[in-house]
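In each ligand, atom 1 is the first atom listed, and ligand 1 is the first ligand listed. Fair warning: this is a prediction, and the values are worked out from it, not measured in the lab.
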Amino acid sequence: MPGAAARLVLIVTSPLLFSPVTLPAPEGPGLELLNRAIVPPMCQYAVDAEDGVPTDWHLVHTGAMAAGGFGLVTVEATGVEARGRISPRDLGLWDDAQVPAHARLTAFAHTQGAAIAVQLGHAGGKASTYPWLPGASEGTVPAAEGGWPTVSATAQPTLPELDAPAALDAAGLDEVVEAFASAARRADAAGYDAVQIHAAHGYLLHQFLSPITNTRTDGYGGDEAGRTRLLLRVVDAVRAAWSAHKPLGIRLSATDWTEGEDGTVWDARATARLARTLVDEHGVGWIDVSSGGLAGGRIPVGPGYQVPLAQAVTEALACTQAVVSAVGLIEEAAQAETILATGQAHAVSIGRAALRDPHWAASAASTLGVQAKAIHAAPQYWRARF
Ligand SMILES: Cc1cc2nc3c(=O)[nH]c(=O)nc-3n(C[C@H](O)[C@H](O)[C@H](O)COP(=O)(O)O)c2cc1C
(Lines give C-alpha, C1' and ligand atoms only; values in the text may rest on other atoms or scores of the structure.)
Protein backbone atom coordinates (compact mmCIF):
# COMPACT_ATOMS: atom_id res chain seq x y z
CA MET A 1 0.00 0.00 0.00
CA PRO A 2 2.84 2.50 -0.47
CA GLY A 3 0.76 4.30 -3.10
CA ALA A 4 -2.10 4.93 -0.67
CA ALA A 5 0.31 6.18 1.98
CA ALA A 6 1.93 8.54 -0.51
CA ARG A 7 -1.48 9.85 -1.53
CA LEU A 8 -2.43 10.41 2.10
CA VAL A 9 0.76 12.38 2.73
CA LEU A 10 0.07 14.43 -0.39
CA ILE A 11 -3.42 15.29 0.85
CA VAL A 12 -2.14 16.30 4.26
CA THR A 13 0.86 18.31 3.10
CA SER A 14 -0.56 19.96 -0.01
CA PRO A 15 -3.95 21.43 0.74
CA LEU A 16 -5.81 22.35 -2.41
CA LEU A 17 -6.78 25.64 -0.79
CA PHE A 18 -3.16 26.75 -1.02
CA SER A 19 -2.48 25.43 -4.48
CA PRO A 20 -2.51 27.92 -7.35
CA VAL A 21 -5.39 28.25 -9.76
CA THR A 22 -5.58 30.12 -13.07
CA LEU A 23 -8.51 32.30 -14.12
CA PRO A 24 -8.37 31.94 -17.90
CA ALA A 25 -8.39 34.88 -20.30
CA PRO A 26 -8.98 34.79 -24.08
CA GLU A 27 -5.31 35.57 -24.79
CA GLY A 28 -2.15 34.72 -22.87
CA PRO A 29 -1.73 32.52 -19.80
CA GLY A 30 -4.56 34.04 -17.76
CA LEU A 31 -4.31 35.17 -14.15
CA GLU A 32 -2.61 32.77 -11.77
CA LEU A 33 -3.85 33.13 -8.20
CA LEU A 34 -1.36 31.98 -5.59
CA ASN A 35 -4.14 30.22 -3.71
CA ARG A 36 -7.87 29.53 -3.91
CA ALA A 37 -9.05 31.76 -1.05
CA ILE A 38 -10.90 34.76 -2.50
CA VAL A 39 -12.38 37.79 -0.77
CA PRO A 40 -15.80 38.47 -2.32
CA PRO A 41 -17.03 42.03 -2.88
CA MET A 42 -18.34 43.68 0.30
CA CYS A 43 -19.83 47.20 0.24
CA GLN A 44 -18.21 49.46 2.80
CA TYR A 45 -20.41 52.57 2.40
CA ALA A 46 -17.24 54.55 3.09
CA VAL A 47 -17.36 57.16 0.33
CA ASP A 48 -17.99 60.15 2.60
CA ALA A 49 -17.96 62.65 -0.28
CA GLU A 50 -20.56 60.57 -2.20
CA ASP A 51 -18.49 60.96 -5.37
CA GLY A 52 -17.67 57.28 -5.93
CA VAL A 53 -13.96 57.80 -5.21
CA PRO A 54 -12.20 55.20 -3.01
CA THR A 55 -11.05 56.53 0.35
CA ASP A 56 -8.36 55.59 2.85
CA TRP A 57 -10.88 53.15 4.33
CA HIS A 58 -10.95 51.15 1.09
CA LEU A 59 -7.16 51.06 1.02
CA VAL A 60 -7.01 49.75 4.59
CA HIS A 61 -9.89 47.32 4.06
CA THR A 62 -8.64 45.73 0.83
CA GLY A 63 -5.01 46.16 1.85
CA ALA A 64 -5.44 44.18 5.08
CA MET A 65 -6.92 41.25 3.20
CA ALA A 66 -4.26 41.39 0.50
CA ALA A 67 -1.66 41.29 3.29
CA GLY A 68 -3.64 38.51 4.97
CA GLY A 69 -2.74 35.93 2.37
CA PHE A 70 -5.82 35.81 0.11
CA GLY A 71 -5.06 34.91 -3.48
CA LEU A 72 -7.61 37.40 -4.82
CA VAL A 73 -9.36 40.35 -3.20
CA THR A 74 -12.51 41.64 -4.89
CA VAL A 75 -13.41 45.29 -4.41
CA GLU A 76 -17.04 45.98 -3.52
CA ALA A 77 -19.93 46.63 -5.95
CA THR A 78 -18.75 49.64 -7.94
CA GLY A 79 -21.32 51.66 -9.86
CA VAL A 80 -20.91 51.86 -13.62
CA GLU A 81 -23.20 54.88 -13.51
CA ALA A 82 -23.97 57.22 -10.63
CA ARG A 83 -27.63 56.11 -10.71
CA GLY A 84 -26.48 52.48 -10.52
CA ARG A 85 -25.02 52.79 -7.01
CA ILE A 86 -26.74 50.80 -4.26
CA SER A 87 -26.30 53.77 -1.93
CA PRO A 88 -24.87 57.29 -2.22
CA ARG A 89 -21.78 56.11 -0.31
CA ASP A 90 -20.78 53.43 -2.85
CA LEU A 91 -17.73 53.31 -5.08
CA GLY A 92 -17.89 54.18 -8.76
CA LEU A 93 -16.00 53.88 -12.02
CA TRP A 94 -18.22 56.07 -14.17
CA ASP A 95 -15.72 58.93 -14.31
CA ASP A 96 -12.00 59.07 -15.19
CA ALA A 97 -11.46 61.15 -12.05
CA GLN A 98 -12.20 58.01 -9.98
CA VAL A 99 -9.37 56.00 -11.55
CA PRO A 100 -6.31 57.23 -9.56
CA ALA A 101 -7.81 56.31 -6.18
CA HIS A 102 -8.67 52.83 -7.51
CA ALA A 103 -5.08 52.56 -8.74
CA ARG A 104 -3.92 53.07 -5.14
CA LEU A 105 -5.87 49.94 -4.12
CA THR A 106 -4.43 47.80 -6.93
CA ALA A 107 -0.87 49.03 -6.39
CA PHE A 108 -0.90 48.12 -2.70
CA ALA A 109 -2.51 44.70 -3.27
CA HIS A 110 0.21 43.93 -5.81
CA THR A 111 2.96 44.78 -3.31
CA GLN A 112 1.47 42.01 -1.17
CA GLY A 113 1.46 39.40 -3.94
CA ALA A 114 -2.33 39.35 -4.09
CA ALA A 115 -4.42 39.76 -7.22
CA ILE A 116 -7.23 42.29 -7.06
CA ALA A 117 -10.54 42.39 -8.92
CA VAL A 118 -13.35 44.92 -9.00
CA GLN A 119 -17.04 44.09 -9.06
CA LEU A 120 -18.81 46.27 -11.64
CA GLY A 121 -22.46 46.69 -10.84
CA HIS A 122 -25.68 48.52 -11.50
CA ALA A 123 -28.30 48.29 -8.78
CA GLY A 124 -31.24 49.15 -11.07
CA GLY A 125 -34.46 49.22 -9.04
CA LYS A 126 -32.45 48.50 -5.86
CA ALA A 127 -30.32 51.65 -6.29
CA SER A 128 -30.51 54.76 -4.11
CA THR A 129 -31.01 52.86 -0.87
CA TYR A 130 -29.63 53.72 2.55
CA PRO A 131 -26.17 52.40 3.44
CA TRP A 132 -26.56 49.10 5.33
CA LEU A 133 -25.00 50.45 8.50
CA PRO A 134 -26.22 50.33 12.12
CA GLY A 135 -29.45 52.29 12.51
CA ALA A 136 -29.99 52.73 8.75
CA SER A 137 -33.47 53.52 7.43
CA GLU A 138 -35.19 51.23 4.92
CA GLY A 139 -36.51 52.15 1.50
CA THR A 140 -35.42 54.44 -1.31
CA VAL A 141 -33.40 57.53 -0.34
CA PRO A 142 -35.44 60.61 -1.36
CA ALA A 143 -33.92 63.33 -3.55
CA ALA A 144 -33.83 65.70 -0.58
CA GLU A 145 -31.39 63.31 1.11
CA GLY A 146 -29.22 62.77 -1.98
CA GLY A 147 -31.21 59.97 -3.60
CA TRP A 148 -32.20 59.66 -7.27
CA PRO A 149 -34.83 58.06 -9.54
CA THR A 150 -34.10 54.42 -10.38
CA VAL A 151 -34.46 52.22 -13.48
CA SER A 152 -35.23 48.54 -13.95
CA ALA A 153 -36.69 45.93 -16.30
CA THR A 154 -40.22 47.13 -15.54
CA ALA A 155 -41.87 49.97 -13.66
CA GLN A 156 -42.84 47.68 -10.75
CA PRO A 157 -40.95 48.26 -7.47
CA THR A 158 -38.13 45.71 -7.34
CA LEU A 159 -38.87 45.14 -3.64
CA PRO A 160 -42.13 46.15 -1.93
CA GLU A 161 -40.46 48.78 0.26
CA LEU A 162 -38.73 50.56 -2.65
CA ASP A 163 -39.93 53.37 -4.94
CA ALA A 164 -41.13 52.41 -8.43
CA PRO A 165 -38.34 52.57 -11.04
CA ALA A 166 -38.68 53.64 -14.68
CA ALA A 167 -38.63 50.75 -17.17
CA LEU A 168 -35.52 50.96 -19.36
CA ASP A 169 -36.28 51.58 -23.04
CA ALA A 170 -33.99 50.69 -25.96
CA ALA A 171 -31.87 53.82 -25.59
CA GLY A 172 -31.63 53.29 -21.83
CA LEU A 173 -30.44 49.71 -22.35
CA ASP A 174 -27.76 50.93 -24.76
CA GLU A 175 -26.60 53.43 -22.12
CA VAL A 176 -26.30 50.68 -19.51
CA VAL A 177 -24.28 48.47 -21.85
CA GLU A 178 -21.96 51.35 -22.73
CA ALA A 179 -21.58 52.30 -19.06
CA PHE A 180 -20.38 48.78 -18.19
CA ALA A 181 -17.89 48.86 -21.09
CA SER A 182 -16.52 52.29 -20.12
CA ALA A 183 -16.18 51.25 -16.48
CA ALA A 184 -14.25 48.14 -17.58
CA ARG A 185 -11.86 50.37 -19.56
CA ARG A 186 -11.29 52.46 -16.43
CA ALA A 187 -10.82 49.31 -14.33
CA ASP A 188 -8.09 48.25 -16.74
CA ALA A 189 -6.44 51.67 -16.48
CA ALA A 190 -6.60 51.41 -12.67
CA GLY A 191 -4.59 48.18 -12.78
CA TYR A 192 -7.26 45.67 -11.75
CA ASP A 193 -6.35 42.08 -12.59
CA ALA A 194 -9.93 40.91 -13.11
CA VAL A 195 -13.43 42.32 -13.44
CA GLN A 196 -16.43 40.63 -11.89
CA ILE A 197 -19.78 41.63 -13.41
CA HIS A 198 -22.47 41.75 -10.73
CA ALA A 199 -25.43 39.79 -12.06
CA ALA A 200 -26.64 38.57 -8.65
CA HIS A 201 -28.50 39.65 -5.50
CA GLY A 202 -31.51 41.24 -7.19
CA TYR A 203 -29.58 44.08 -8.85
CA LEU A 204 -30.17 45.29 -12.41
CA LEU A 205 -28.81 42.35 -14.43
CA HIS A 206 -30.52 39.87 -12.09
CA GLN A 207 -33.73 41.97 -12.39
CA PHE A 208 -33.60 41.07 -16.10
CA LEU A 209 -32.64 37.39 -15.57
CA SER A 210 -35.43 36.63 -13.12
CA PRO A 211 -39.04 35.97 -14.12
CA ILE A 212 -40.03 37.53 -10.77
CA THR A 213 -38.97 41.01 -11.87
CA ASN A 214 -38.77 40.66 -15.65
CA THR A 215 -42.27 40.61 -17.12
CA ARG A 216 -41.26 42.58 -20.22
CA THR A 217 -42.88 41.61 -23.48
CA ASP A 218 -40.11 42.83 -25.81
CA GLY A 219 -36.90 41.01 -26.81
CA TYR A 220 -35.42 41.54 -23.33
CA GLY A 221 -38.14 39.57 -21.52
CA GLY A 222 -40.16 36.39 -21.86
CA ASP A 223 -38.18 33.20 -22.31
CA GLU A 224 -34.63 32.52 -21.13
CA ALA A 225 -33.17 33.87 -24.38
CA GLY A 226 -34.97 37.16 -23.81
CA ARG A 227 -34.20 37.46 -20.10
CA THR A 228 -30.48 36.73 -20.60
CA ARG A 229 -30.14 39.12 -23.58
CA LEU A 230 -29.11 42.22 -21.63
CA LEU A 231 -26.54 40.30 -19.59
CA LEU A 232 -24.98 38.78 -22.71
CA ARG A 233 -24.80 42.22 -24.34
CA VAL A 234 -23.10 43.60 -21.22
CA VAL A 235 -20.66 40.69 -21.08
CA ASP A 236 -19.75 41.09 -24.76
CA ALA A 237 -19.26 44.85 -24.40
CA VAL A 238 -17.12 44.44 -21.29
CA ARG A 239 -15.12 41.61 -22.83
CA ALA A 240 -14.38 43.85 -25.85
CA ALA A 241 -13.40 46.83 -23.67
CA TRP A 242 -11.40 44.87 -21.10
CA SER A 243 -7.91 43.55 -21.81
CA ALA A 244 -8.02 40.21 -23.64
CA HIS A 245 -5.13 39.15 -21.39
CA LYS A 246 -7.19 39.58 -18.24
CA PRO A 247 -9.96 37.28 -17.02
CA LEU A 248 -13.60 38.30 -16.94
CA GLY A 249 -15.70 36.99 -14.07
CA ILE A 250 -19.36 37.13 -13.19
CA ARG A 251 -21.36 36.73 -10.03
CA LEU A 252 -24.69 34.97 -10.45
CA SER A 253 -27.59 34.31 -8.13
CA ALA A 254 -28.08 30.65 -8.98
CA THR A 255 -31.63 30.55 -7.65
CA ASP A 256 -34.35 32.93 -6.50
CA TRP A 257 -35.49 30.26 -4.02
CA THR A 258 -39.01 30.90 -5.38
CA GLU A 259 -40.86 31.18 -8.67
CA GLY A 260 -42.39 33.86 -10.87
CA GLU A 261 -46.15 34.44 -11.03
CA ASP A 262 -46.59 32.00 -13.94
CA GLY A 263 -44.47 29.29 -12.30
CA THR A 264 -41.34 30.11 -14.31
CA VAL A 265 -38.19 29.83 -12.21
CA TRP A 266 -34.66 31.15 -12.14
CA ASP A 267 -32.85 28.17 -10.63
CA ALA A 268 -29.64 26.15 -10.65
CA ARG A 269 -30.50 24.49 -13.96
CA ALA A 270 -31.10 27.80 -15.73
CA THR A 271 -27.93 29.15 -14.14
CA ALA A 272 -25.89 26.15 -15.29
CA ARG A 273 -27.16 26.63 -18.87
CA LEU A 274 -26.26 30.32 -18.74
CA ALA A 275 -22.84 29.55 -17.23
CA ARG A 276 -22.02 27.18 -20.07
CA THR A 277 -23.03 29.81 -22.66
CA LEU A 278 -21.01 32.51 -20.89
CA VAL A 279 -17.90 30.34 -20.84
CA ASP A 280 -18.21 28.71 -24.27
CA GLU A 281 -19.33 31.72 -26.29
CA HIS A 282 -18.68 34.94 -24.36
CA GLY A 283 -15.19 34.72 -22.89
CA VAL A 284 -16.10 34.42 -19.20
CA GLY A 285 -13.43 32.60 -17.16
CA TRP A 286 -14.62 32.83 -13.56
CA ILE A 287 -18.09 32.35 -12.08
CA ASP A 288 -18.87 33.09 -8.45
CA VAL A 289 -22.08 31.33 -7.43
CA SER A 290 -24.32 33.11 -4.95
CA SER A 291 -28.13 33.20 -4.64
CA GLY A 292 -31.21 35.25 -3.80
CA GLY A 293 -31.76 39.00 -3.64
CA LEU A 294 -35.34 39.32 -4.86
CA ALA A 295 -38.56 39.12 -2.87
CA GLY A 296 -40.39 35.97 -1.94
CA GLY A 297 -37.88 33.21 -1.35
CA ARG A 298 -36.83 31.70 1.95
CA ILE A 299 -33.08 31.08 1.95
CA PRO A 300 -31.99 27.98 3.90
CA VAL A 301 -29.04 29.75 5.51
CA GLY A 302 -26.48 27.45 7.16
CA PRO A 303 -22.84 26.41 6.76
CA GLY A 304 -21.99 26.16 3.06
CA TYR A 305 -25.65 26.61 2.08
CA GLN A 306 -24.87 27.73 -1.48
CA VAL A 307 -22.19 25.10 -2.19
CA PRO A 308 -24.63 22.70 -3.95
CA LEU A 309 -25.42 25.55 -6.36
CA ALA A 310 -21.72 26.02 -7.06
CA GLN A 311 -21.44 22.27 -7.60
CA ALA A 312 -24.19 22.37 -10.24
CA VAL A 313 -22.28 25.08 -12.11
CA THR A 314 -18.95 23.28 -11.66
CA GLU A 315 -20.47 20.13 -13.17
CA ALA A 316 -21.94 22.11 -16.07
CA LEU A 317 -18.50 23.54 -16.78
CA ALA A 318 -16.61 20.23 -16.65
CA CYS A 319 -14.06 20.01 -19.47
CA THR A 320 -13.70 23.80 -19.61
CA GLN A 321 -10.90 25.85 -18.04
CA ALA A 322 -13.36 28.11 -16.20
CA VAL A 323 -13.02 28.55 -12.46
CA VAL A 324 -16.07 28.32 -10.20
CA SER A 325 -15.98 29.81 -6.71
CA ALA A 326 -18.44 28.86 -3.97
CA VAL A 327 -19.59 31.40 -1.38
CA GLY A 328 -21.83 31.59 1.66
CA LEU A 329 -20.92 30.71 5.25
CA ILE A 330 -17.65 29.05 4.35
CA GLU A 331 -15.74 29.90 7.49
CA GLU A 332 -13.47 27.02 8.49
CA ALA A 333 -10.25 25.95 6.80
CA ALA A 334 -11.23 22.26 6.81
CA GLN A 335 -14.66 23.11 5.39
CA ALA A 336 -13.07 25.09 2.55
CA GLU A 337 -10.59 22.31 1.86
CA THR A 338 -13.37 19.70 1.75
CA ILE A 339 -15.37 21.75 -0.78
CA LEU A 340 -12.32 21.85 -3.04
CA ALA A 341 -11.21 18.26 -2.44
CA THR A 342 -14.67 16.92 -3.28
CA GLY A 343 -14.73 18.90 -6.51
CA GLN A 344 -17.74 21.04 -5.62
CA ALA A 345 -15.89 24.21 -6.65
CA HIS A 346 -12.40 25.29 -7.70
CA ALA A 347 -12.10 28.19 -5.24
CA VAL A 348 -13.89 29.58 -2.20
CA SER A 349 -15.02 33.11 -1.39
CA ILE A 350 -14.71 34.05 2.26
CA GLY A 351 -16.82 37.10 3.18
CA ARG A 352 -17.83 37.85 6.75
CA ALA A 353 -15.15 35.56 8.16
CA ALA A 354 -12.63 37.80 6.39
CA LEU A 355 -14.22 40.89 7.94
CA ARG A 356 -13.75 39.31 11.35
CA ASP A 357 -10.21 38.21 10.51
CA PRO A 358 -8.58 39.86 7.48
CA HIS A 359 -5.75 37.35 7.96
CA TRP A 360 -8.15 34.40 7.59
CA ALA A 361 -6.09 32.97 4.74
CA ALA A 362 -2.86 33.00 6.72
CA SER A 363 -4.65 31.39 9.69
CA ALA A 364 -6.22 28.77 7.42
CA ALA A 365 -2.83 27.96 5.94
CA SER A 366 -1.49 27.33 9.41
CA THR A 367 -4.50 25.17 10.33
CA LEU A 368 -3.95 23.07 7.21
CA GLY A 369 -0.25 22.66 7.95
CA VAL A 370 1.09 25.19 5.47
CA GLN A 371 3.62 27.58 6.92
CA ALA A 372 2.60 31.22 6.57
CA LYS A 373 5.96 31.98 5.00
CA ALA A 374 5.11 29.52 2.23
CA ILE A 375 2.19 31.72 1.18
CA HIS A 376 2.30 35.41 0.45
CA ALA A 377 0.97 36.62 3.82
CA ALA A 378 2.70 39.70 5.21
CA PRO A 379 6.15 38.73 6.57
CA GLN A 380 5.80 41.49 9.16
CA TYR A 381 3.20 39.29 10.90
CA TRP A 382 4.93 35.89 10.75
CA ARG A 383 5.89 36.04 14.41
CA ALA A 384 2.20 36.07 15.32
CA ARG A 385 2.44 32.32 14.57
CA PHE A 386 -0.54 31.91 12.33
C1 LIG B 1 -20.84 44.04 4.59
C2 LIG B 1 -21.21 43.24 3.37
C3 LIG B 1 -21.26 43.87 2.14
C4 LIG B 1 -21.54 43.13 0.97
N5 LIG B 1 -21.48 43.75 -0.25
C6 LIG B 1 -21.58 43.01 -1.38
C7 LIG B 1 -21.28 43.56 -2.65
O8 LIG B 1 -20.84 44.71 -2.77
N9 LIG B 1 -21.46 42.77 -3.74
C10 LIG B 1 -21.86 41.47 -3.64
O11 LIG B 1 -22.01 40.79 -4.66
N12 LIG B 1 -22.09 40.90 -2.44
C13 LIG B 1 -21.93 41.62 -1.32
N14 LIG B 1 -22.07 41.02 -0.09
C15 LIG B 1 -22.26 39.56 -0.03
C16 LIG B 1 -20.91 38.85 0.17
O17 LIG B 1 -20.05 39.06 -0.94
C18 LIG B 1 -21.10 37.35 0.38
O19 LIG B 1 -21.66 36.79 -0.77
C20 LIG B 1 -21.99 37.03 1.57
O21 LIG B 1 -21.59 37.79 2.70
C22 LIG B 1 -22.00 35.56 1.90
O23 LIG B 1 -20.69 35.10 2.15
P24 LIG B 1 -20.13 34.92 3.68
O25 LIG B 1 -21.09 34.01 4.38
O26 LIG B 1 -18.78 34.33 3.50
O27 LIG B 1 -20.12 36.28 4.29
C28 LIG B 1 -21.82 41.75 1.07
C29 LIG B 1 -21.81 41.14 2.34
C30 LIG B 1 -21.48 41.86 3.47
C31 LIG B 1 -21.41 41.15 4.79
* To do: Verify side-chain contact (heavy atoms from CB on, under 4.5 Å) between I212 and W266, making sure each step is shown before the conclusion.
  => CA-CA 8 Å; I212 297 173; W266 182 255; over 6 Å; no
* Heavy atom under 4.0 Å from ligand 1: found in E331's side chain, backbone, both, or neither? -> neither
* Shortest protein contact, atom 9 (N) of ligand 1 (heavy atom only) -> Q119 OE1, 2.8 Å
* **Greater than 12 external heavy atoms within 6.0 Å of E332's CD** => no
* Is any heavy atom of the protein nearer than 4.0 Å to atom 16 (C) of ligand 1? -> yes
* Below 4.0 Å from any atom of ligand 1, is there a heavy atom belonging to G328? -> yes
* Any chance the side chains of H122 and E81 put a donor and an acceptor closer than 3.5 Å? -> yes
* Matching residue for W286 among V195, V279, I38 - test: side chain to side chain contact (heavy atoms under 4.5 Å, CB included) -> I38
* Is any N or O atom of A77, backbone or side chain, closer than 3.5 Å to an N or O atom of ligand 1? -> yes
* So, is I350 polar-close to ligand 1, with some N/O to N/O distance under 3.5 Å? -> no
* Structure fact -> So the atoms of ligand 1 within less than 4.0 Å of a heavy atom of H201 turn out to be 10 (C), 11 (O), 12 (N)
* What about S290: any of its N or O atoms under 3.5 Å from an N or O on ligand 1? -> no
* salt bridge (charged side-chain N to carboxylate O under 4.0 Å, His left out) assessment of D174 paired with R233 -> CA-CA 9 Å; D174 290 349; R233 277 192 66 193; 2.9 Å; yes
* Asked: Which atoms of ligand 1 are found less than 4.0 Å from any heavy atom of P40?
  -> 17 (O)
* Asked: So do the side chains of Q207 and K126 get within less than 4.5 Å of each other, counting heavy atoms only?
  -> yes
* To do: Could you find the nearest protein heavy atom to atom 5 (N) of ligand 1 and give me its residue, atom name and distance?
  => C43 N, 2.8 Å
* To do: Below 4.0 angstrom from a heavy atom of L329, which ligand 1 atoms are there? Numbered from 1 as shown, please.
  => 24 (P), 25 (O), 26 (O)
* Asked: Around E138, counting heavy atoms of other residues, nucleotides and ligands shown, do more than 12 lie under 6.0 Å from its CD?
  -> no
* Check the angle between the aromatic planes of H198 and H201 and answer parallel, tilted or perpendicular using the 30° and 60° thresholds. => perpendicular
* **Option whose closest heavy atom lies nearest to atom 19 (O) of ligand 1, chosen from Q196, M42, R251** => R251
* Asked: Does CD belonging to E50 count more than 12 external heavy atoms closer than 6.0 Å?
  -> yes
* **Nitrogen or oxygen of P41 less than 3.5 angstrom from that of ligand 1** => yes
* Before signing off on this row, confirm whether V327 and ligand 1 have an N or O atom pair separated by under 3.5 Å. => no
* Asked: Below 3.5 angstrom, do we get any N/O pair linking G351 and ligand 1?
  -> yes
* Who's the nearest protein heavy-atom neighbour of atom 21 (O) of ligand 1, and how far? -> R352 NE, 3.7 Å
* To do: Indicate yes or no: at least one non-hydrogen side-chain atom of T213 is less than 4.5 angstrom from one of Q156.
  => no
